[in-house]
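Some notes on the structure that comes next.
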2 protein chains.
Amino acid sequence: MHALIREAEALCLRTGVTFTPPRRRVLELLAASKIPMKAYDLISQAGADGHPFKPPTVYRALEFLCQLGLVHRIEQDATFVACCHSGHTQPVALFVCNSCLKVTEVAYPNVAKVLENAAQAQGFQVESIVVEGRGQCAPCAQAA
Amino acid sequence: MHALIREAEALCLRTGVTFTPPRRRVLELLAASKIPMKAYDLISQAGADGHPFKPPTVYRALEFLCQLGLVHRIEQDATFVACCHSGHTQPVALFVCNSCLKVTEVAYPNVAKVLENAAQAQGFQVESIVVEGRGQCAPCAQAA
DNA sequence: CATTAGCATGTTATAAGATAACATAACAGG
DNA sequence: CCTGTTATGTTATCTTATAACATGCTAATG
């Protein structure tokens with residue numbers, strides 16, 4: 001069993017929320033994938049073994065997992081990826097490789113502060129930030 | 001005529017690309033809107049005066065305008081907003097107010113470098129970055 | 001001036017992403 | 001047992017975006 005699943009179980013137990021079958025199934029698929037997945041890939045694959053999952057079920061599971069920080073949604077291309085840091089609470093930037101599509105997570109604790117201050121300087125009170133990027137991951141940059 | 005339209009004309013002239021009617025129309029609508037617009041709002045409004053615009057036409061215009069930096073796409077909610085800095089090339093973060101939906105643009109020249117370096121430290125070669133946020137703009141924060 | 005290359009738009013159809021609305025089930029607490 | 005709560009099942013639909021191909025416009029070339 002994937003470590004992330006154990007994480008999820010523990011986290012749910014701690015916070016008093018339930019780790020139901022569809023939530024588990026979606027997280028399993030994401031954890032097993034090396035690259036971000038589209039919602040409809042999850043929908044078809046989740047039901048590959050007989051029990052078909054419909055869109056709302058999967059979208060609900062994704063929303064749940066995102067809230068817990070176990071999964072990230074990549075806004076630029078509407079895909080979802082399992083979080084490799086386990087249940088972190090610090091902000092992460094997601095860098096997607098243009099060649100292999102794998103995600104590199106980059107924490108940016110101080111940078112977040114700077115951004116918040118820059119916004120604050122214009123009177124804007126920041127509540128959430130999304131940072132995403134594109135480029136070449138280490139192995140693909142090597143190969144090029 | 002909106003200043004942004006003059007900007008666009010000048011910019012297109014300089015760079016040898018053409019500022020065609022649909023491109024102008026879409027930019028006009030965005031420039032006139034105080035808040036980001038959805039593509040399909042543009043599609044219906046662009047044709048309000050008799051000449052209907054179809055989705056591909058509007059999406060093409062948006063792509064064009066985004067490439068020129070005259071319009072930004074807000075990834076989190078698939079909306080589009082006219083850029084208030086005229087044809088800047090420096091990176092901007094877009095902060096959307098949760099109350100009034102207006103956008104505050106925040107430049108972050110040095111922060112971008114820091115992010116790139118943080119990614120680079122993990123071997124990731126950054127090609128592009130998107131920074132978006134949510135919160136309360138100055139007037140709405142006052143009111144609250 | 002005809003030809004043609006290039007770029008841009010027009011048109012039709014459909015793919016892809018997401019959610020509203022309501023029904024059903026499972027389960028804990030009184 | 002009843003009831004409130006939480007989660008899933010189901011149907012239908014809405015929203016966002018693009019593929020594929022036809023047509024038109026303009027400007028350079030010969």
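Note that this is a predicted model, so its numbers are computed, not measured. Note on naming: letters A, B, ... go to the chains in the order of the sequence lines (proteins, then strands), and numbering restarts at 1 for each one.
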Tell me the interatomic distance from [X], atom [atom1], to [N], atom [atom2], rounded to whole angstroms.
{"X": "A:K38", "N": "C:dA18", "atom1": "NZ", "atom2": "P", "value": "11 Å"}
{"X": "B:K54", "N": "C:dT12", "atom1": "NZ", "atom2": "C1'", "value": "8 Å"}
{"X": "B:D77", "N": "C:dA18", "atom1": "CG", "atom2": "P", "value": "12 Å"}
{"X": "A:D41", "N": "C:dA18", "atom1": "CG", "atom2": "P", "value": "12 Å"}
{"X": "B:Q76", "N": "C:dG17", "atom1": "CD", "atom2": "P", "value": "19 Å"}
{"X": "A:I43", "N": "C:dT19", "atom1": "CD1", "atom2": "C1'", "value": "11 Å"}

Would you indicate, yes or no, if C:dA18 has its OP1 or OP2 atom less than 4.0 angstrom from a side-chain nitrogen or oxygen of A:R73?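 Indeed, a polar side-chain atom of A:R73 lies that close.
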With a cut-off of less than 4.0 Å, is there a side-chain N or O of B:T57 near OP1 or OP2 of C:dG10?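 It does, given that an N or O in the side chain of B:T57 lies less than 4.0 Å from OP1 or OP2 of C:dG10.
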Does A:F64 have A:R23 sitting over its ring (NZ/CZ under 6.0 Å from centre, angle to axis within 45°)?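 Relative to the ring axis of A:F64, which defines the angle, A:R23 lies inside both limits.
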Is it the case that A:E127 and B:N98 place a side-chain donor and acceptor less than 3.5 Å from each other?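 On atom types as modelled, these side chains qualify, holding a pair under 3.5 Å.
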Would A:Q76 and A:E132 count as having a side-chain donor-acceptor pair, cut-off 3.5 Å?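 A pair is found: one side chain offers a donor N or O, the other an acceptor, under 3.5 Å apart.
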Reported [atom1]-to-[atom2] distance for the pair [X] and [Y], which is rounded to 0.5 angstrom:
{"X": "B:R73", "Y": "B:C66", "atom1": "CZ", "atom2": "SG", "value": "8.0 Å"}
{"X": "A:L11", "Y": "A:L70", "atom1": "CG", "atom2": "CG", "value": "5.5 Å"}
{"X": "B:F53", "Y": "B:L29", "atom1": "CZ", "atom2": "CG", "value": "8.5 Å"}
{"X": "B:K113", "Y": "B:E116", "atom1": "NZ", "atom2": "CD", "value": "4.5 Å"}
{"X": "A:L42", "Y": "A:M37", "atom1": "CG", "atom2": "CE", "value": "4.0 Å"}

Span of DNA chain D in contact with chain A (heavy atoms, under 4.0 Å):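 First and last nucleotides in contact are D:dA7 to D:dT11.
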Which residues within residues 58-66 of chain A lie with some heavy atom under 4.0 Å of an atom in DNA chain C?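 DNA chain C contact set from residues 58-66 of chain A: A:Y59, A:R60.
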Base, sugar-phosphate alone, or nothing: which one does B:P21 contact when heavy atoms must sit under 4.0 Å apart?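 No contact at all - B:P21 keeps every heavy atom at 4.0 Å or more from the nucleic acid.
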Ion pair present between B:E28 and B:R25, side-chain N to carboxylate O less than 4.0 angstrom?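 Yes.
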For B:Y40 and for A:H51, find the nucleotide of DNA chain D with the closest heavy atom, then tell me which residue's nucleotide is more 5'.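 By nearest-heavy-atom nucleotide position, the 5'-most residue is A:H51.
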Could you pick out which residue, B:P52 or B:V17, lies toward the 5' side of DNA chain C when each is mapped onto its nearest nucleotide?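 With B:P52 and B:V17 compared, the 5'-side residue is B:V17.
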